[in-house]
Amino acid sequence: MKKTIRDVNLKDKKVLIRVDFNVPMKNGVITNDNRIVQALPTINYALENGAKVILFSHLGRVKEEADKAANSLAPVAKRLEELLNKKVYFVPTTRGKELEDAVNNMKVGDVVMFENTRWEDVPDKKESKNNPELGAYWASLGDVFVNDAFGTAHRAHASNAGIAANIKDSVAGFLMEKEIKFIGDAVDNPVRPFVAILGGAKVSDKISVIENLLTKADKILICGAMAYTFYKAQGWEVGTSKCEDDFVEFAKGLLEKANGKIVLPCDTVVSDKFPEDGDVIVKKTVASNAIPADMMGLDVGMGTIELFKKELQGAKTVVWNGPAGVFEVKEFAVGTNAICEALAELEGATTIIGGGDSASAAIKLGYEKKFTHISTGGGASLEYLEGKELPGVACINDK
Ligand code: ADP
Ligand code: MG
């Protein structure tokens with residue numbers, strides 16, 4: 001068990017909180033503030049418990065000096081001020097006298113936020129390569145470290161692992177705690193039957209996820225483009241569908257190892273071309289072993305949905321990664337939508353989505369509130385599903 005913000009005394013302490021404020025922005029305007037909203041419980045808890053709150057996050061990629069201005073956290077500080085209904089003292093730098101003075105002058109209940117941690121990536125990638133001097137410097141600004149940035153927990157950066165290595169108390173914030181609890185428990189300690197649904201673009205992206213879940217789940221339902229590599233491994237033709245020929249042998253090996261645990265779609269929705277805006281397409285549903293040579297599979301068919309529903313009956317834990325089809329195009333979002341629906345109707349089950357595109361698909365299709373947990377960290381949740389230890393989690397003290 002990891003220590004959380006509840007396990008430390010925050011009163012009169014300078015509390016360094018690593019948040020994930022890597023919000024989408026267009027021309028300096030925040031287009032979705034969900035990540036800021038998700039951090040509020042931790043920030044408010046610290047304030048209510050007498051802390052001086054120092055916030056920091058990365059934002060976008062900063063490769064050269066010219067990237068800094070476009071990736072400033074200043075607009076985020078403004079939005080946070082509105083959400084907290086409280087002054088946020090924004091320090092437009094990542095180190096030096098201005099920052100140190102701001103921190104040293106804080107009173108209980110104050111909130112200071114400093115610039116994008118990735119500004120330190122110019123030069124020498126100090127943040128992203130976990131430069132020891134930088135982690136020690138940031139740690140020296142506070143008394144307690146709270147890591148609430150699950151989205152970057154799969155990376156050892158100065159702003160998570162670096163600080164934790166140089167401070168006595170490193171604890172999880174509420175968002176981090178929630179992610180560890182749901183994804184961690186689902187994978188390592190699932191209430192059974194445990195069914196995994198794996199889709200998305202490529203088998204090659206998900207090798208470790210499939211291998212890890214094969215040892216943990218009771219059933220694995222395969223969909224998305226990655227199904228076609230498995231089709232080929234079965235000796236079925238895939239037409240012009242996405243298929244990774246280099247991984248057919250690997251898929252064959254998995255099917256043998258799986259001993260019936262892996263369930264493939266029984267039908268697929270095919271089209272004569274990958275639809276671009278306004279294209280007129282020819283679309284039909286065919287059996288999985290009957291894809292015409294000149295057509296491509298872009299979604300699972302309704303037969304597959306019925307098959308998956310049967311497999312899901314009685315499941316107590318379901319983890320889903322990877323959309324069932326090209327959900328970005330309405331005609332091929334049907335399968336992904338039907339999986340959302342099936343999981344929403346599943347009674348008494350813990351349902352979890354891990355994966356960037358799967359999470360945005362479920363949210364886009366209106367199912368945000370219907371899952372037990374939708375992970376906020378695409379890459380981080382995937383690595384969790386792979387069974388890897390995440391540096392940003394490992395650096396939090398155990399209870
Ligand atoms: P996640 O981010 O949830 O891990 P991935 O990144 O692996 O998911 O895959 C998401 C992408 O897979 C989506 O852009 C979707 O359009 C694509 N995809 C799903 N099914 C197909 C298919 N049959 N053909 C081509 N692309 C597909
Ligand atoms: Mg993705």
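Because only heavy atoms are used, hydrogens play no part in the values below, and waters and symmetry mates are left out as well, while side chains stay in. Atoms within a ligand are numbered from 1 in the order they appear, just like the ligands themselves.
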Would you indicate whether the side-chain heavy atoms of Trp138 and Glu120 approach each other to under 4.5 Å? yes

Spacing of Ile17 atom CD1 and Leu55 atom CG [to the nearest 0.5 Å]: 5.5 Å

Name the option, out of Glu328, Lys206, Met226, that contains the heavy atom nearest to atom 4 (O) of ligand 1. Lys206

Scan side-chain atoms only and decide if Thr117 and Glu127 contain a donor-acceptor pair under the 3.5 Å cut-off. yes

Please give the atom name: the N, O or S atom of Asp357 nearest to the Mg ion (ligand 2). OD2

Does Lys283 qualify as a cation-pi partner of Phe332, given the criterion of NZ or CZ under 6.0 Å from the six-membered ring centre and within 45 degrees of its axis? yes

Within-cut-off N or O pair, Gly297 and ligand 1, under 3.5 Å: yes

Run the numbers for me: atoms of ligand 1, each under 4.0 Å from some heavy atom of Leu298, listed by number. 23 (N), 24 (N)

Could an N or O of ligand 1 be found under 3.5 Å from any N or O of Asp299, whether backbone or side chain? no

Lys316 side chain vs Ala349 backbone, donor-acceptor pair below 3.5 Å: no

Taking only heavy atoms of Asn321, which atoms of ligand 1 are found under 4.0 Å from at least one of them? 3 (O), 4 (O)

Quick check: does Asp205 put an N/O/S atom under 2.8 Å from the Mg ion (ligand 2)? no

Supply the atom-to-atom distance Lys129 NZ to Asp124 CG, rounded to the nearest 0.5 angstrom. 8.5 Å

If you define the side chain from C-beta out and look only at heavy atoms, does anything of Val263 sit under 4.5 Å from Ile222? no

If the contact criterion is a heavy-atom separation under 4.0 Å, does Gly378 count as touching ligand 1? no

Check Tyr228 against ligand 1 and report side chain, backbone, both or neither, counting heavy atoms closer than 4.0 Å. side chain

Which protein non-hydrogen atom lies closest to atom 2 (O) of ligand 1, naming both residue and atom, and how far is it? Asp357 N, 2.8 Å

Ranked by distance from atom 18 (N) of ligand 1, the top protein heavy atom is Gly325 O, 3.9 Å

Please write down residue, atom name and distance for the protein heavy atom closest to atom 3 (O) of ligand 1. Ser358 OG, 2.3 Å

Do me a favour and list the nearest non-hydrogen protein atom to atom 12 (O) of ligand 1 with residue, atom name and distance? Ala201 N, 3.3 Å

Between Lys242 and ligand 1, does any nitrogen or oxygen pair lie at a separation below 3.5 Å? no

Between Ser271, Ala361, Pro323, Ala225, which one has a non-hydrogen atom sitting closest to atom 24 (N) of ligand 1? Ala225

Distance-only polar pair, side chains of Thr268 and Tyr228, donor-acceptor under 3.5 Å: yes

Do the rings of Phe182 and His373 sit parallel, tilted or perpendicular, given the 30° and 60° boundaries? parallel

Lys63/Asp67 ion pair, N-O < 4.0 Å: no

Under a 3.5 Å cutoff, is there a donor and acceptor pairing between the side chains of Glu81 and Tyr89? no

Assess Asp205 for proximity to ligand 1: is some non-hydrogen atom of it under 4.0 Å away? no

Ranked by distance from atom 26 (N) of ligand 1, the top protein heavy atom is Val326 CG2, 3.6 Å

